[in-house]
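Reading through the structure tokens given below for one structure.
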Amino acid sequence: METNNYTIKDFKSDQDVRWCPGCGDHAILNSIQKAMTELGISPDQTAVISGIGCSSRFPYYVNTYGMHTIHGRATAIATGVKTANPELTVWQVTGDGDCLAIGGNHFIHALRRNIDLNIVLFNNEIYGLTKGQYSPTSKRGFISKSSPYGTVEDPFRPAELTFGARGNFFARTLDVDLKTTQDVLIQAAKHKGTSVVEALVNCVIFNNGTHSAISDKEFRADRTIILKHGEPMIYGKDRNKGLVIEGFNLKSITIGENGMTEKDILVHDAKCEDRTLHFKLGTMSGDLPVALGVIRDVEAPTYDREVEKQVKDVQEKHPQIHKLEDFLRTLETWEIK
Amino acid sequence: MADTAKVTSLEKVVIRFSGDSGDGMQLTGSLFSNLSAISGNEISTFPDYPAEIRAPQGTLGGVSGYQVHVGKKVYTPGDLADILIAMNPAALKVNKKHIKPNAIIIIDEDAFDESGMTKAGYKTNDPIAELGLGAAQIIGARITTMVKASLADSEMDNKSILRCKNMFSLGLLCWLFNIPVDNAMHLLENKFKKKPTILKANLKVLVDGFNYGSNTHASVSTYHIDSTEKQKGTYTDVKGNQATAWGLIAASEKSGLPLFLGSYPITPATEILHELSARKDLGVKTVQAEDEIAGVCTAIGASFAGSLAATSTSGPGLALKSEAINLAIMAELPLVVIDVQRGGPSTGLPTKTEQTDLWQAIYGRNGESPCVVIAASTPADCFDFAFIASKLAVEHMTPAILLSDAFIANGSSAWRIPNMDDYPAIHPPFVSEDMKSYWKPYFRNPENGSRYWAIPGTEGFAHRVGGLEKDNKTGAISTEPKNHQLMTNLRQAKIDNIAHVIPELKIQGNPDADLLVVGWGGTFGHLYSAVEALNAEGEKVALAHFNYINPLPKNTAEVLTKYKKIIVCELNNGQFAGYLRSKIDGITPLKYNKVEGQPFLVQELVDHFKTLLDD
């Protein structure tokens, strides 16, 4: 390991953080700054790109290079930053509206290309900055200012969308779970390729408690599972529940009941190329615990490095061409004397 | 050489090559224009593709054309053709309106059989009479038959043999214009270096075509086209879109900034993406983005990261990019936006030319959002203006929109390969080490009002920019009323200041003119030809042609107010005329406008200007 001379102060800007008191975004900001500190990459080599929305104010609060751009386009802008200079560590901070509604096209194409971005998706299932309209992750029937009788549309599930677009890294965390947040952010940053971290955050003003069914202390242990690569999928307050496969589906069992032992429990393989089980894990709800932690983490060629490599390969094949004039003289030409 | 008795000397000639999409007329045309250029002629070419990718063979919809203008004082591909090569009946019918009444028409008689005539929808079996081409000189040759005979001993299949028909017509033309057939052979040898079988066949057919003309004295006269004294150097044939791509590369080399293009395919701009994505040998990075918005946004990201960043598009794409261009205006990042204009609105006429995006380029964004707008005027000067757009964008930290159009983008002219030492340096306004203690993102160079550029990776200059209004000193978000007014003024002043670094407006033609013709961008060739023609007839006409639109050259008002009669000619409904009136008090120019998806004709301009001079 390299020695790390950074402290969290190096990643804090001089700007006052202006999110509402109690907003889940504060915790994620703190965790990202901690993750950046631990990663030990210079703030000068780091770029944070955001779109529009509450969470997109984020770049102003971290003392790195940053750009607060336009609604939905942060993914495309971050793609340009990273392609132009693959040496930079590029984070993208976005929300459920910014990333999955207006920015949906850029999001899926970034995943398809596998450009090395760390996308942190703040999912509060609401448009906060425009004061409370339903978002593409709001549950069917959700009542908001723009859906006073409830929505009649299904939400996106970010994990499903990520895997559908051939994403290779997906993690989920809760704003209230600082340890998991920091842990998955570090893994996301270390992953080469597009990484998506879905942070379930609370909007204290317009959608208070939207995640409380899983985030409240009294239910959390029984309704979520923190997945770790290579470890059995055990969860629960008493650490006696686990996940097994039954037919084509996942099933929650209790260790010691019906002859079930720890050996029957699935061991999490985040590195498995096949996405089928990651799909299942990423979309668990209802009787199954919501998966937190890194669900998928598979290495694949990254767009930014492939572009760089192709440039290098072509240049090696044409060692005689260094400048435009060299190239122009390879064209069909004639002399006027 | 041919022993035809009569050789007629011509100052210039317009030739139109026409046939089925698969007949290789584009190649024949470009080979002929290169041969003429090698002989010392000026050249200007324009392709006329069918809108459909593969229309049925022999039908009117499948006719593909290529017009070449060669000779002395050639500034356009020409109005009407002196010579038409029609490889089938459909080509003859479609091009009737593009040729002079007394044109020479070379036809492949074999193609004028019953099937060919039916597909082209003729009602009689006498195409010449039916189309009223009685005044034309027809050179009919059984090209298909002769090519088949010529290649009977080759190993090639019938389809490949027929593909060589175009070389027969090229050979025939070489004879007609007294071009040494050796020159054409040499070009083909280069072209098909890696395909010896095809080369051999093409060479044979080429020579046979030449000999056919020579042996049969196919025309009453052959021709010699006057050559011009051109600047010494190495020349190549360049299309506007290629020149644009290369101009960006030149600017990248001069500025030391890596070149990045973010783009989405769109007619007629796509060739810029093609050309730059092929230039990985020169280190160019291109992203074929998921849409127009991502095209410009990846470029903005690359600009933020320190590249010379560009995006290429056409009108509909420019509309989609507006919001992002405004981000670059607000964040004050260099960005080159190339708009190859086409017929609009909406999808409009994608393959046709217009100048209807001018207002969109100048005004088409929310808020007070000035940026540089310049326009190229010929295929070759697309190189210079792409270079200049890059220089202005980088040195003044602003988006610069370069307006090209379908006509100059697809048209070609001879271009002397420049010596890059003749081009000015480009100085990116990077932050310097000594600024570290006091620099803020909107700290400006007092000389030109540009902010300084700190690219990620520069130690000690981490900062944030974005679309929200910022405090002019601290760079923090600000909604303070006076600050917003100040920042609005500063952004405007930064663009206005550019008038001091661009060339002044020059008058061409007769400075004491009774009529000043005003134009901008891709209409230069037609306007200049019309003005020259009138002055040659003893009229007093001048041309003020604009390449710099925003800001205007600083002497614009002084020049324009000198003339009593001004006519602004453009391929729209009067956008530049309106813009000039908004910028210069007291002028009331006349207008000549055309929105047909077609370039001007020199003759229509001459005729119209005459009516004004007679007033």
Side-chain angles (χ1 to χ4, degrees), chain A residues 13-15 42-50 52 59-60 62-85 87-88 105-106 108-109 307-308 310-311 313-315 317-318 321-329 331-337, chain B residues 34 37-38 40 187 190-191 230-237 246 249-250 253 258 260 262 279-285 287 289-291 293-294 297-307 309 323-324 327 331 416-417 419-420 456-468 476-477:
Chain A
S13 81
D14 58 356
Q15 300 291 301
S42 158
D44 294 324
Q45 291 291 339
T46 304
V48 182
I49 312 296
S50 69
I52 294 294
Y60 297 116
V62 280
N63 190 30
T64 62
Y65 282 90
M67 180 151 42
H68 175 216
T69 71
I70 46 178
H71 203 18
R73 316 305 169 199
T75 319
I77 290 170
T79 296
V81 173
K82 185 69 183 178
T83 308
N85 185 358
E87 298 304 314
L88 297 172
N105 196 29
H106 310 307
I108 57 174
H109 285 278
V307 168
E308 201 172 51
Q310 195 172 55
V311 167
D313 289 349
V314 173
Q315 285 181 326
K317 269 187 206 149
H318 301 278
I321 294 178
H322 302 284
K323 290 193 147 283
L324 178 63
E325 282 188 69
D326 304 331
F327 161 70
L328 293 176
R329 282 173 202 285
L331 300 171
E332 215 166 85
T333 60
W334 62 90
E335 297 291 328
I336 301 283
K337 287 170 189 146
Chain B
N34 284 3
I38 292 167
L187 272 193
N190 281 335
K191 187 107 210 153
K230 284 179 90 170
Q231 202 179 351
K232 282 179 193 163
T234 307
Y235 283 76
T236 189
D237 185 22
W246 299 340
I249 297 174
E253 288 179 2
F260 179 98
R279 292 283 68 76
K280 296 213 164 51
D281 46 9
L282 292 171
V284 181
K285 285 183 182 172
V287 170
E290 55 274 22
D291 57 31
I293 298 172
C297 284
T298 51
I300 291 170
S303 171
F304 180 70
S307 291
E323 187 196 13
L327 172 65
R416 191 174 64 88
I417 294 178
N419 179 348
M420 287 317 299
T458 315
E459 201 207 313
F461 285 92
H463 68 283
R464 275 66 58 195
V465 292
L468 282 172
I477 299 168

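Chain letters run A, B, ... following the sequence lines, proteins first, then strands; residues in each count from 1.
For B:Ala250, the parts sitting under 4.5 Å from any heavy atom of chain A are the backbone and the side chain alike. With a 4.5 angstrom heavy-atom cutoff, B:Arg279 touches chain A only via side-chain atoms. For B:Ala309, no part sits under 4.5 Å from any heavy atom of chain A, backbone or side chain. Using a 4.5 Å cut-off between heavy atoms, B:Ser307 touches chain A through its side chain atoms alone. Proximity to chain A is absent for every atom of B:Pro258, based on heavy atoms less than 4.5 angstrom apart. With a 4.5 angstrom heavy-atom cutoff, B:Glu253 touches chain A only via side-chain atoms. Both the backbone and the side chain of A:Lys323 come within contact range of chain B, each with at least one heavy atom under 4.5 Å from a heavy atom of that chain. Contacts between A:Leu88 and chain B at a heavy-atom distance below 4.5 Å involve the side chain alone, from C-beta outward.
The CD1 atom of B:Ile249 sits 5.5 Å away from atom CG of A:Leu324, with the distance rounded to the nearest 0.5 Å. Atom-to-atom distance recorded for A:Tyr60:OH and B:Ile477:CD1 is 4.5 Å, nearest 0.5 angstrom. How far OG1 of A:Thr75 is from CD of B:Glu290: 8.5 Å, rounded to the nearest 0.5 Å. To the nearest 0.5 angstrom, A:Ile321 atom CD1 is 4.5 Å from B:Asp281 atom CG.
The aromatic rings of B:Tyr235 and A:Trp334 lie parallel to each other, their planes meeting at an angle below 30°, with 60° marking the opposite boundary.
With no hydrogens or angles considered, no side-chain donor-acceptor pair links A:Glu332 and B:Asn190 at under 3.5 Å.
Ranked by heavy-atom pairs under 4.5 Å with chain B, the first of A:Asn85, A:Val62, A:Ile49 is A:Val62. Each of A:Glu325, A:Lys337, A:His322, A:His318 has some count of heavy-atom pairs under 4.5 Å with chain B, and the biggest count is that of A:Glu325. If you tally non-hydrogen atom pairs under 4.5 Å between each of A:Asp326, A:Asp313, A:Thr83 and chain B, the highest count goes to A:Thr83.
With sequence neighbours excluded, no residue forms a salt bridge (charged side-chain N to carboxylate O under 4.0 Å, His left out) with B:Arg464. Judged as a side chain to side chain contact (heavy atoms under 4.5 Å, CB included), and not counting sequence neighbours, the contacts of B:Asp291 are A:Asn105, A:His106, B:Ile293, B:Ala294.
Judged purely by atom type and a 3.5 angstrom limit, A:Tyr65 uses its side chain to pair as donor or acceptor with the backbone of B:Thr458.
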